[in-house]
Amino acid sequence: MYVPLTPSHVGADRPDDVAAAVRRLEHDRPRWVWADAREAYTPLVRDGVRVSRCHDLALTEGLLLAAEGRYGAARSAKAAHARLHGLPEPHENDAGADTLFPAEPLGVSAIEEVLADQLARIERLPEPGRFRLLVAAESAGGLIAAEMAEAGMPWNRRLHDALLTEKLGPRPMRGMRPVKLQALADELAAIFGHAINPDSAQQVIKAFKAAGVDLKSTRSWELKQIDHPAIAPLLAYKELARLHSFHGWAWADQWVRDGRFRPEYVVGGVVTGRWATNGGGALQIHKSMRKVVVAEPGWTLVVADAAQLEPRVLAAMAGDGGLARAAGEIDLYAALAQSFGGERDNAKIAMLSAMYGGTSGDAPKLLAVMRQRFPQAYQFVEDAARAGEEGRVVRSWLGRTSPPPSDRWRSLVSGPEGGRAARDRGRFTRNFVVQGTAAEWALAMMAVLRGLLPEAARLVFFQHDEVMVHCPAEQGGEVIAAVGKAAEEATRLLFGATPVRIPMEAVAVECYADAK
DNA sequence: TAGTTCAGCGCC
DNA sequence: AAAGGGCGCTGAACTA
């Protein structure tokens with residue numbers, strides 16, 4: 001049962017009454033329909049309302065447009081509505097226009113029209129059943145992102161400050177270098193005989209040149225090849241500078257409030273379906289920061305990640321019997337080792353090279369083994385690569401469609417460097433089918449998990465194939481069991497009966513750093 | 001001066 | 001140990 005969520009439709013006279021009305025109607029577990037979760041659901045979440053499922057018109061429109069080969073069109077529900085009526089599409093992200101003429105939210109009838117259109121368009125796709133699952137999972141992602149933004153990941157600012165102070169020295173005045181960074185800069189100045197800005201690649205390269213060392217870049221792996229007294233302090237500087245600018249005091253001032261890190265997640269923000277963030281850098285938090293993520297007293301953090309998700313997904317998608325049997329084991333690479341001369345590492349290189357298009361080192365030799373031993377899995381990614389090289393689009397398992405080639409690519413590919421451009425796109429589409437399906441599995445898993453969690457437990461973090469739940473300590477075991485069930489159910493939802501297992505490794509810890 | 005691109009590096 | 005693809009974010013460098 002689809003129910004548009006607008007104040008008038010739920011019988012609320014004032015915006016404040018919406019929460020109560022939704023809470024009451026949620027008893028029948030409708031599928032709420034809204035234009036955009038951030039607009040419609042975030043205020044409800046703030047009022048403590050949770051709904052079990054929804055259909056997100058904007059997220060669905062994005063999936064549909066891509067599947068229909070209309071990649072560039074605007075994805076908002078409002079744009080979809082305008083297209084239905086042959087009207088010019090409103091400009092998205094046009095904040096100025098909204099300031100002059102405050103945007104009118106879509107009414108019930110408009111929501112119903114766009115919904116009906118979307119449901120009809122889904123039926124016209126090659127695999128409507130799978131796509132419906134994709135739409136449900138993506139929409140659930142919208143719910144989860146809104147709820148995680150509200151809950152936030154525990155972030156102990158006192159420990160964070162202590163960590164920064166230990167590594168950088170006390171918090172400096174705005175715009176100043178922390179003392180330990182300055183000391184390293186001074187050390188470099190003494191070695192080179194003049195001050196340089198170690199953040200400037202140009203100045204660093206020039207200084208080394210004067211000292212008789214030719215550098216192509218200041219990448220740390222290149223610096224590490226060189227024997228020179230300035231290398232060690234420069235590498236130390238680069239590492240600390242990144243800590244300071246990326247995860248420093250200013251970052252915490254902006255993103256941590258009330259002991260919670262609240263980044264802004266963007267569901268489906270990556271073309272493959274992975275999430276992105278819009279500020280906060282939640283998906284690039286340095287591992288050393290995990291020690292400041294600590295459960296509330298009496299609470300615990302359940303940290304779970306899907307081990308070897310991508311090769312397992314490939315095994316299931318390709319229907320490769322041999323690979324699927326190996327993917328029924330806890331350590332997939334170990335199970336493959338005997339096919340690769342008894343070397344687990346070789347099995348891993350072969351799988352990664354197949355999924356990502358690797359060609360260096362032993363990859364060609366190991367790929368030849370893979371082609372012979374696991375022909376269906378090999379062919380599956382080869383087909384995806386070929387499609388990309390030929391300028392076609394590819395689809396994930398549930399039907400997320402890759403972007404079409406750009407005009408720039410089309411002209412490039414017929415030029416002198418065309419082979420290179422074709423191969424690059426082939427690597428992208430090769431990876432798209434695997435990464436995209438892995439992202440779908442993760443969404444489905446989270447959607448199921450969300451429904452299994454005890455009342456007080458909160459999803460607080462998600463990073464591609466890893467989730468974190470903050471819950472009362474005594475519920476840790478229950479949440480770990482829920483994670484296991486969610487993983488099994490997600491695998492069944494996507495792939496039905498398959499020997500492939502996608503286990504989640506879950507632990508209950510007081511501190512994130514203790515999870516691995 | 002303000003906006004855009006680049007180099008570099010973190011995460012998966 | 002790393003290879004590969006996907007990102008976001010920073011300060012520097014460049015452009016208008």
Side-chain angles (χ1 to χ4, degrees), chain A residues 175 177 181 196-206 215-224 234-235 237-248 250-251 254-255 263-290 305-311 313-314 344-367 381 384-385 388 394 396 400 402-403 423-439 441-442 461-467 512 516:
Chain A
R177 272 196 188 116
L181 266 182
I196 62 159
N197 177 2
D199 289 315
S200 163
Q202 281 184 355
Q203 291 184 35
V204 169
I205 288 171
K206 215 169 118 191
L215 288 174
K216 282 195 187 57
S217 74
T218 62
R219 288 191 175 89
S220 59
W221 63 263
E222 191 180 338
L223 295 174
K224 281 172 193 159
L234 179 57
L235 288 171
Y237 180 95
K238 286 166 83 76
E239 197 177 322
L240 292 181
R242 193 181 156 85
L243 176 70
H244 181 232
S245 63
F246 223 83
H247 303 302
W251 172 87
Q254 188 175 359
W255 297 104
E264 197 177 301
Y265 292 99
V266 184
V267 176
V270 178
V271 289
T272 57
R274 278 187 174 180
W275 287 16
T277 56
N278 190 358
L283 306 179
Q284 296 104 247
I285 297 287
H286 195 278
K287 283 186 172 175
S288 66
M289 288 288 130
R290 291 181 182 184
D305 75 316
Q308 306 160 337
L309 174 57
E310 295 191 347
V313 153
L314 171 60
R344 184 184 181 279
D345 274 4
N346 282 349
K348 187 172 175 180
I349 292 167
M351 287 302 303
L352 294 179
S353 301
M355 292 186 296
Y356 303 136
T359 55
S360 60
D362 293 337
K365 187 186 76 188
L366 295 166
L367 281 171
V381 285
V394 293
S396 66
R400 191 184 305 268
S402 71
R423 280 192 300 279
D424 284 351
R425 187 160 190 278
R427 272 201 303 280
F428 166 62
T429 50
R430 174 191 291 271
N431 184 243
F432 182 96
V433 294
V434 178
Q435 187 182 116
T437 304
W441 182 89
F461 188 58
F462 171 52
Q463 188 177 39
H464 309 311
D465 63 356
E466 175 176 357
V467 293
Y512 190 12
K516 284 188 181 167

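Bear in mind the structure is a predicted one, so any value in this text is a computation, not a measurement. In what follows, chains carry the letters A, B, and so on, assigned in the order in which the sequence lines appear, proteins first and then strands, with residues in each chain numbered from 1.
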What is the distance, rounded to the nearest whole Å, between atom NZ of A/K365 and atom C1' of C/dA3?
-> 14 Å
Using the ring of each side chain (for Trp, its six-membered ring), is A/F462 parallel, tilted or perpendicular to A/W275, with breaks at 30° and 60°?
-> perpendicular
Distance, rounded to the nearest Å, where A/I349 contributes CD1 and C/dA2 contributes P = 12 Å
Mind checking whether A/Y237 and A/D199 have side chains closer than 4.5 Å, heavy atoms only?
-> yes
Does the side chain of A/I285 come within less than 4.5 Å of A/Y512's, by heavy atoms?
-> no
Does A/S396 offer a backbone N or O that forms a donor-acceptor pair with the side chain of A/T437 under 3.5 Å?
-> no
How long is the line joining CG of A/D199 and C1' of C/dA12, in whole Å?
-> 8 Å
Quick one: which protein N/O atoms are closer than 3.5 Å to N/O atoms of nucleotides 14-16 of chain C? Pair and distance per line, please.
unit_1: C/dC14; atom_1: OP1; unit_2: A/Q202; atom_2: NE2; d: 3.3

Quickly work out the A/Q203 CD to C/dA12 C1' distance and round it to whole Å.
-> 9 Å
Any A/N197 side-chain nitrogen or oxygen under 4.0 Å from OP1 or OP2 of C/dA12 = yes
Sugar-phosphate, base or nothing in reach of A/V271, heavy atoms under 4.0 Å = sugar-phosphate
Would a 4.5 Å heavy-atom cut-off, applied to side chains only, mark A/E310 and A/L352 as touching?
-> no
Name the nucleic acid region contacted by A/A363, choosing base, sugar-phosphate or nothing; use a 4.0 angstrom heavy-atom cut-off, strictly under.
-> nothing
Could you run through nucleotides 2-12 of chain B and give me one letter per nucleotide, 5' to 3': B if any protein heavy atom sits under 4.0 Å from the base, S if only the sugar-phosphate is that close, - if neither?
-> ------BBBBB
Within a strict 4.5 Å, meaning less than it, do heavy atoms of the A/H464 and A/L283 side chains meet?
-> yes
Answer yes or no: is there a donor N or O on one side and an acceptor on the other, between the side chain of A/Q203 and the main chain of A/N197, under 3.5 Å?
-> yes
Taking atom P of C/dG11 as reference, at what distance in whole Å does atom CG of A/L243 sit?
-> 13 Å
So what does A/G280 touch, heavy atoms closer than 4.0 Å: a base, only the sugar-phosphate, or nothing?
-> sugar-phosphate
Not counting sequence neighbours, which residues clear side chain to side chain donor-acceptor pair (under 3.5 Å) with A/S220? List them please.
-> none
When rounded to whole Å, the NZ to C1' distance for the pair A/K206 and C/dA13 reads 14 Å
Taking 4.0 angstrom as the limit, do A/E222 and A/K238 come out as a salt bridge?
-> no
Between A/K348 (NZ) and C/dA2 (P), how many Å, whole number?
-> 9 Å
Any A/S200 side-chain nitrogen or oxygen under 4.0 Å from OP1 or OP2 of C/dG11 = no
Interatomic distance where CG belongs to A/L240 and P belongs to C/dT10 [whole Å] = 18 Å
Atom pair CD/CZ of A/Q435 and A/F428 - distance to nearest 0.5 Å | 8.5 Å
Reckon A/D305 touches a base, only the sugar-phosphate, or nothing at all at heavy-atom distances under 4.0 Å?
-> nothing
Proximal nucleotide (of C/dG8, C/dG4, C/dG6) relative to the A/Y356 side chain = C/dG4
